[in-house]
There are 2 protein chains.
Amino acid sequence: MARDGRLTIGDLSRRTGCKVQTVRYYEQIGLLPEPERSEGNQRLYRQAHLDRLAFVRHGRELGFSLDAIRELLSLADRPSHSCEAADAIARSQLQQVENRIARLTSLKAELERMIEECRGGRVADCRVIEVLADHSQCLADSHPPAATAP
Amino acid sequence: MARDGRLTIGDLSRRTGCKVQTVRYYEQIGLLPEPERSEGNQRLYRQAHLDRLAFVRHGRELGFSLDAIRELLSLADRPSHSCEAADAIARSQLQQVENRIARLTSLKAELERMIEECRGGRVADCRVIEVLADHSQCLADSHPPAATAP
DNA sequence: GCTTGAACCTACAGCGACTGTAGGTGCCAT
DNA sequence: ATGGCACCTACAGTCGCTGTAGGTTCAAGC
């Protein structure tokens, strides 16, 4: 830790579990304010930066987009306002999470069915390949794209 | 449909629900073989291309990565081999889907808790903001990054 | 035969949310 | 003074598409 309770970017990174590059990225896109610099041009952060970064990370862990977090931050900066907007953002996030769970649950069922019926023989008889090749055997709904890996 | 049962890229697109650009993209990354061309340089596909594309799309709907699909395709091309590898890919995919469901379920619980306790007052009292600001109130596990939108 | 307009072509930029690399500078301990 | 790590900037790459610009081909209608 730098003197006067100032934190280097590495300190910030260790305390939030957020990579150094990601901190710089957040600054670049305007999610974190530019901190002071040392004489040698290194970033020096204060507690307020740490709090703000923790807020961002926590939002990300809850699946909020950076845009949603940006909006939540700007709401948090005006504490006397109504929290209707924050509530709406959270509700929409909940809705999306529920949709994803539903979709993944049906994928899970189909994957289990595929695997269950694969008896470890030759590829020609493999249900995994067969099910993929023939959509008509499929329970899952069609076109919407699958979730990407986290 | 072009003559001789050949399909244009638009036909392929309509029959698989896969956008024209995406078909060209799959060709570019080597997931689909280059088809013949007409005299005017337009792609002409056969049934085999349609089957292969349907396989790819179905795999994507089940959440497989393009790399996993590439491997499944190469297995499908050698039908006399053991299907052990295909089974392993499907099992690993199932594992990932289960992990995502578990993670999303705990996010859902925390979002519900946040929303439940937000009584629509001022931002200063808003649980949504408060929970985001204070990680110690959190039930969700920490560092792994949140799922991205599907 | 000619015109129109949709469908096709290539090449490339952009999305979100980072992550990694190259090449250089600062800082601190020994 | 020197070693080695942490820091700096700038930019490219990841995944799986999607969109755009600017041009060509095709089929149908007149």
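Each chain gets a letter, A, B and so on, in the order its sequence line appears, and its residues count up from 1. Just so you know, these numbers use all the heavy atoms, side chains as well, and skip hydrogens, waters and symmetry mates.
Every residue meeting the salt bridge (Lys or Arg N to Asp or Glu O under 4.0 Å) condition with A:Arg46, not counting sequence neighbours, appears here in chain and number order: A:Glu36. Qualifying salt bridge (Lys or Arg N to Asp or Glu O under 4.0 Å) partners for B:Glu71, counting only residues two or more places apart in sequence or in other chains: none. B:Asp67 is linked by a side chain to side chain contact (heavy atoms under 4.5 Å, CB included) to B:Ser65, B:Arg70, counting only residues two or more places apart in sequence or in another chain. Under the side chain to side chain contact (heavy atoms under 4.5 Å, CB included) criterion, B:Ala124 pairs with A:Pro79, B:Arg122, not counting sequence neighbours. With sequence neighbours excluded, the residues forming a side chain to side chain contact (heavy atoms under 4.5 Å, CB included) with A:Glu98 are A:Leu94, A:Gln95, B:Lys108, B:Glu112, listed by chain and number.
Residue A:Arg43 has a polar side-chain atom (N or O) positioned under 4.0 Å from OP1 or OP2 of D:dC8. Contact check, B:Arg57 against D:dC17: a side-chain N or O comes under 4.0 Å of OP1 or OP2. Between A:Thr8 and the phosphate of D:dC7, there is a side-chain N or O to OP1/OP2 separation shorter than 4.0 Å.
Each of B:Ser38 and B:Val56 has a nearest nucleotide on DNA chain D; the 5'-most of these lies closest to B:Val56.
Within the structure, salt bridge (Lys or Arg N to Asp or Glu O under 4.0 Å) pairs that include any residue of residues 82-97 of chain A comprise A:Asp87-A:Arg91 (at least two apart or interchain).
Rounded to a whole Å, the CG atom of A:Leu44 is 13 Å from the C1' atom of D:dC8. What separates CZ of B:Arg37 from P of C:dA7 is a distance of 19 Å, to the nearest Å. Computed from coordinates, the B:Leu12 CG to C:dC9 P distance equals 11 Å when rounded to whole Å. The distance between atom NZ of A:Lys19 and atom C1' of C:dG20, rounded to the nearest whole Å, is 9 Å. Computed from coordinates, the A:Leu7 CG to C:dC27 P distance equals 16 Å when rounded to whole Å. B:Asn41 has its CG atom 12 Å from the P atom of D:dT24, to the nearest Å.
Near DNA chain D, meaning a heavy atom under 4.0 Å away, the residues from residues 66-73 of chain B are B:Leu66. DNA chain D lies under 4.0 Å from at least one heavy atom of each of the following residues of residues 22-32 of chain B: B:Thr22, B:Tyr25, B:Tyr26.
With 3.5 Å as the limit, one finds a donor-acceptor pair spanning the side chains of A:Thr8 and A:Asp11.
The structure places CG of A:Asp125 at 12.5 Å from CD of A:Glu117, a figure rounded to the nearest 0.5 Å.
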Side-chain donor-acceptor contacts of residues 18-31 of chain B below 3.5 Å, not counting sequence neighbours, with atom names and distances?
{"unit_1": "B:Tyr26", "atom_1": "OH", "unit_2": "B:Arg57", "atom_2": "NH1", "d": "2.7"}
{"unit_1": "B:Glu27", "atom_1": "OE1", "unit_2": "B:Arg43", "atom_2": "NE", "d": "2.8"}

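At a threshold of 4.0 angstrom between heavy atoms, the contacts of B:Gln21 include nucleobase atoms, whether or not backbone atoms are also involved.
Here D:dC26 is the nucleotide among D:dG16, D:dC26, C:dA17 with the atom lying nearest to any side-chain atom of B:Gln42.
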